[in-house]
Structures are given as C-alpha cells and as structure tokens.
Peer 1: 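Okay, here's the structure, questions in a sec.
Nothing here was measured: the structure is a model prediction, and the numbers come from that model. Labels below follow one simple rule: chain letters A, B, ... track the order of the sequence lines, proteins then strands, and each chain is numbered from 1.
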There are 2 protein chains.
Amino acid sequence: MVDYQSSVAPYRQVAAILRGKIERGEYEPGQRLPSVNDLVQEYGIARTTAAKTLRLLVTEGLAEMSPGMGFYVKAG
Amino acid sequence: MVDYQSSVAPYRQVAAILRGKIERGEYEPGQRLPSVNDLVQEYGIARTTAAKTLRLLVTEGLAEMSPGMGFYVKAG
DNA sequence: TCACATTTGTACGTATGTATC
DNA sequence: AGATACATACGTACAAATGTG
C-alpha cells in the first residue's frame, strides 16, 4: 500500500518498491513485471498511476514494454 | 472570514481557524483538510494565500501534503 | 481465418497542490 | 491578486494485442 500522507508521489513510491525487487533479483531479467491491474490491486492506486509507475521504470532503463503483453525486466 | 484590517496576515488568520478546528477534533487525524480551492471560496482569499495557509500547518507539524491528493491532518 | 472475450496499456476530463511571473 | 504552466492523482472509457475456439 502506498502512503497518501507522504509527500512522495504514489507512482514514485511504487516504482521504488519495484526497483528494489529488481535490484534484489526478485524480478529477474526477462521476467514479467506486475501488470497495471496487478499494481492497482496490490497498492490501491489508480490505473493511471500504476501505468505511470511502469513507464517510469522504462524511462529509467529498468524495464521494457511489450504491447498487449506487459512490462518486462530489461536485460543488462 | 478574514479581516483585512487586521495586522495579522490573512494566511495566518485562516491557519489559526484551521488549527482550532484540528485541536477541537473537527478535523481528525488522517482526515483530509479543505483544499486550496475550498479555502479560496470559504474565506475569499487568493489561491497563493490559501496554499500558504496549508503549508504553514505542515511546517507546524499539524498536517501533511500528498501530491495530487491534498492535505491531511497529521496523526500524532 | 475468423470472431470473441480477456488482458494489457492509453487517453480524456477533472481535481489537487506548486512554482513563477 | 491574477494568470499561466507544471506535476500529480482519480475515474471512466477507449484501443490494441493476445489467445482460444
């Protein structure tokens, strides 16, 4: 769950969590990340917010998007 | 309503009102405070002034801000 | 090939606060 | 005080790709 009392934007909070899991190897390269809907349910955020989280990881070079399939941990 | 004849700055006047409501429990911990726009309409002040009011409460440790969501009464 | 439902991500409109002039 | 641009959120509705039969 995200902390709406925090001054850190929810989409950044969730991104930080996923980033941590990627770095710890809980999500390995090539593996699929949670979908937008998964994040909505897991963290209680809006679809738009969840999508923004995943796009942020793409921007950071940590993930790649495959249309219709979802987001994957980027290799290398 | 604020008193523009007063030597107390409008943003402090409104902050005092909100502070009173928080202390009396009219706004409970975790509850959302009026938005900037709410304050603009309720007290006839400018957006900038209303925002300053809410940020003052944050500075005082009475409230917390969440991007895109608003201000909340701080717990504890 | 062809629907069709499901799953996936996207766009839009509205609301929230911030920063700057 | 007012105007504008920005960042962020929510909910709804939409569009694209998948996979199944």
Peer 1: Out of curiosity, B/Leu62 CG to B/Phe71 CZ, how far, rounded to the nearest 0.5 Å?
Peer 2: 12.5 Å

Peer 1: Look at all strands and tell whether B/Gly68 reaches a base, only sugar-phosphate, or nothing, counting heavy atoms closer than 4.0 Å.
Peer 2: base

Peer 1: Can you see if the side chain of B/Arg47 gets near the phosphate of D/dT4 - specifically, an N or O under 4.0 Å from OP1 or OP2?
Peer 2: no

Peer 1: Where each residue is assigned the nucleotide of DNA chain C containing its nearest heavy atom, which of B/Met65 and A/Arg32 is assigned the position nearer the 5′ end?
Peer 2: A/Arg32

Peer 1: What is the distance, to the nearest angstrom, from the CD atom on A/Glu64 to the P atom on C/dT8?
Peer 2: 18 Å

Peer 1: To the closest 0.5 Å, what do you measure between CD1 (A/Ile22) and CG (A/Leu33)?
Peer 2: 5.0 Å

Peer 1: C/dG17 C1' sits how many Å from B/Leu57 CG, rounded?
Peer 2: 14 Å

Peer 1: Of all the choices, C/dT10, C/dT18, C/dT16, which nucleotide is nearest to the side chain of B/Ala51 once you look at every atom?
Peer 2: C/dT18

Peer 1: How many whole angstroms separate atom CZ of A/Arg55 from atom C1' of C/dA11?
Peer 2: 10 Å

Peer 1: Whether B/Asn37 contacts C/dT16 is assessed here as follows: a side-chain N or O lying under 4.0 Å from the phosphate OP1 or OP2. Is that the case?
Peer 2: yes

Peer 1: Let me know, please, whether A/Val8 or B/Ala46 comes out on the 5' side of the other along DNA chain D by nearest nucleotide.
Peer 2: B/Ala46

Peer 1: Let me know the distance between NZ of A/Lys52 and P of C/dT8, rounded to the nearest Å.
Peer 2: 22 Å

Peer 1: Closest-nucleotide mapping onto DNA chain D: is B/Met69 or B/Ile45 further toward the 5' terminus? I mean the 5' end.
Peer 2: B/Ile45

Peer 1: As a test of reading the structure: which of C/dG17, C/dG9, C/dA19 is closest to the side chain of B/Ser35, going by heavy atoms?
Peer 2: C/dG17

Peer 1: Under 4.0 Å: is that the gap between some side-chain N or O of A/Thr48 and OP1 or OP2 of D/dA9?
Peer 2: no

Peer 1: With respect to the phosphate group of D/dT8, does any side-chain polar atom (N or O) of A/Arg12 fall under 4.0 Å of OP1 or OP2?
Peer 2: yes

Peer 1: So does B/Tyr4 get a side-chain nitrogen or oxygen closer than 4.0 Å to the phosphate oxygens (OP1/OP2) of D/dA1?
Peer 2: yes

Peer 1: Quick check against the 3.5 Å criterion: does B/Ser35 have a side-chain atom that pairs as donor or acceptor with the backbone of B/Asp38?
Peer 2: yes

Peer 1: How long is the line joining CD of A/Gln13 and P of D/dT8, in whole Å?
Peer 2: 12 Å

Peer 1: Verify, without hydrogens or angle tests, whether B/Gln13 (side chain) and B/Asp3 (backbone) share a donor-acceptor contact under 3.5 angstrom.
Peer 2: yes

Peer 1: Please name all residues satisfying side chain to side chain contact (heavy atoms under 4.5 Å, CB included) with A/Lys74, sequence neighbours left out, ordered by chain then number.
Peer 2: A/Glu64

Peer 1: Rounded to the Å, how far apart are B/Tyr72 OH and D/dA9 P?
Peer 2: 12 Å

Peer 1: Return the value, rounded to whole Å, for the distance between atom CG of B/Leu56 and atom P of C/dG17.
Peer 2: 16 Å

Peer 1: Taking atom P of C/dT16 as reference, at what distance in whole Å does atom CG of B/Leu39 sit?
Peer 2: 11 Å

